[in-house]
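Quick note: numbers below take in every heavy atom, side chains included, and nothing from hydrogens, waters or symmetry partners. Computed from a prediction, not measured in an experiment: that's the story for all the values here.
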Amino acid sequence: MCQLLGMNCNVPTDICFSFTGFQQRGGRTDQHADGWGIGFFEQAGCRVFIDTEPSVKSPIAELVRHYPLRSTNVIAHIRKATRGHVALANCHPFMRELWGRYWIFAHNGTLRGFRYQPSKTARYRPVGGTDSEAAFCRLLEHLRRAFPGGRPGPRQLQRAVSAVAGDLAAHGTFNFLLSNGDLLMAHCSTKLTYIVRKAPFGTAHLMDEDVSVDFNDVTSPDDRVAVIATVPLTDNEDWTALAPGELLLFRGGEPQ
């Protein structure tokens, strides 16, 4: 199985600390060595880095680890291939445009028996061979047709995504992160956790690397940061587990 990492904040924030621990799970402290990727939203733009190398060996991952790119929404993924061979086209997160905004998506799990067969008029088609990318295309195609007048409000969008997620989860494990740069949605099928860091801040210690940070030194009192991960990244903080079937919408650094 793969692992997911997401971040949603009220101010642009770097993910260097969390990514330092997450990177180790891509071949050193865990077996997710079939590629990795990360996407950073910056206003209307989005930087996406993907690589077929294990994240612990990837020079691109080292760049991300030490380069403090600041974003309000980030999605990262380390891959253990179950569907689709090891190839750049099969690395998450996947990116598409809908309603004049980029959307990025990463999935943990396997959807057995799921086949996406786009119609001739379908806008979204997979490039690679993963069930994950096919599910993303299926989801966006549903949203495009469900709201022909344009982007709905956050609650309408959440309900629509939740309905499709329920249908797809019937085929297997469907933990995923989805963001359009304004909000981030996290869906739990089997395992997903999150933490919200806000004042008063404390010190956090990574589980996969002997690294600590005192957030009082790197934040302001008004900062609010939500971090979502398949498995908690720190061993001295209280993470909240999502319930199976739960879909949370994060905006401004906290669940809505």
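Remark: the H205 side chain and the D235 side chain contain an N/O donor-acceptor pair separated by less than 3.5 Å. Checked by atom type, the side-chain pair E133/T130 shows no donor-acceptor distance below 3.5 Å. Judged by distance alone, the side chains of R145 and T121 do bring a donor and an acceptor atom under 3.5 Å apart. Q23 and E62 share a side-chain donor-acceptor pair at under 3.5 Å. Side chains of N108 and T173: a donor-acceptor N/O pair is absent below 3.5 angstrom, by distance only. Side chains of Q158 and R155: a donor on one and an acceptor on the other come within 3.5 Å.
Side-chain contact between I15 and L5 is present, with at least one heavy-atom pair separated by less than 4.5 Å. Residues I104 and C46 are in side-chain contact: their nearest non-hydrogen atoms beyond the backbone lie under 4.5 Å apart. Side-chain atoms of Q3 and H77, non-hydrogen and from C-beta on, never get closer than 4.5 Å to each other. Side-chain contact between T72 and V11: absent, with no pair of heavy atoms (C-beta onward) separated by less than 4.5 Å. Annotation: side chain of L178 is in contact with side chain of L139 (closest heavy-atom distance under 4.5 Å).
Between H107 and F174, the gap from one ring centroid to the other is short of 6.0 Å. The six-membered or imidazole ring of H171 lies near that of F114, with a centre-to-centre distance under 6.0 Å.
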Side-chain donor/acceptor pairs under 3.5 Å, residues 242-256, sequence neighbours excluded:
| from | atom 1 | to | atom 2 | distance (Å) |
| --- | --- | --- | --- | --- |
| E246 | OE1 | A243 | N | 2.8 |
| R251 | NE | D182 | OD2 | 3.4 |
| R251 | NH2 | D182 | OD1 | 3.4 |
| R251 | NH2 | D182 | OD2 | 2.7 |
| Q256 | NE2 | R251 | O | 2.9 |
| Q256 | NE2 | E254 | O | 3.3 |

Expected list for residues 35-44: side-chain donor-acceptor pairs under 3.5 angstrom, two or more places apart:
| from | atom 1 | to | atom 2 | distance (Å) |
| --- | --- | --- | --- | --- |
| W36 | NE1 | S58 | OG | 3.1 |
| E42 | OE2 | R47 | NE | 2.3 |

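Aromatic ring pairs are classed by plane angle as parallel below 30°, tilted from 30° to 60° and perpendicular above 60°; the pair F147 and W99 is perpendicular. Relative ring orientation between F17 and F215 is described as perpendicular, the plane-to-plane angle rising above 60° on a 0-90° scale split at 30° and 60°.
Judged by distance alone, with hydrogens and angles left aside, the side-chain atoms of N8 form no donor-acceptor pair with the main-chain N or O of A226 at under 3.5 Å. The main-chain N or O of Q24 is found under 3.5 Å from a side-chain atom of T29 such that the two form a donor-acceptor pair. Looking at T13, its side chain never comes within 3.5 Å of a backbone N or O of R70 through a donor-acceptor pair. R28 contributes no side-chain N or O that, together with a main-chain N or O of K57, makes up a donor-acceptor pair within less than 3.5 Å. Not a single donor-acceptor pair under 3.5 Å links the side chain of N90 to the backbone N or O of G128. When atom types are taken as modelled, the side chain of T234 and the backbone of L206 share no donor-acceptor pair closer than 3.5 angstrom. Between the side chain of H32 and the backbone N or O of G27 there is no donor-acceptor pair closer than 3.5 Å. A donor-acceptor pair is defined here as one N or O able to donate and one able to accept, closer than 3.5 Å; such a pair exists between the side chain of S179 and the backbone of G181. R65 places no side-chain N or O within donor-acceptor distance of the main-chain N or O of T20, the cut-off being under 3.5 Å. A donor-acceptor pair is defined here as one N or O able to donate and one able to accept, closer than 3.5 Å; no such pair exists between the side chain of R115 and the backbone of A134.
Atom CD1 of residue I228 and atom CG of residue L192 lie 7.5 Å apart, to the nearest 0.5 angstrom. Within the model, atoms NZ of K198 and CZ of R224 stand 7.0 Å from one another, a figure rounded to the nearest 0.5 Å.
The neighbour count for R112 CZ, taken as heavy atoms of other residues, nucleotides or ligands under 6.0 Å away, does not exceed 12. The local environment of CG in D238 is sparse, with at most 12 non-hydrogen atoms from other residues, nucleotides or ligands closer than 6.0 Å.
Closest of all the heavy-atom pairs between T203 and S212 is CG2-CB, 4.2 Å.
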task = Start with the C-alpha distance between Y116 and E141, add both sets of side-chain angles, then the distance that settles side-chain contact (heavy atoms from CB on, under 4.5 Å), and finish with yes or no.
result = CA-CA 11 Å; Y116 172 58; E141 193 64 38; 3.8 Å; yes
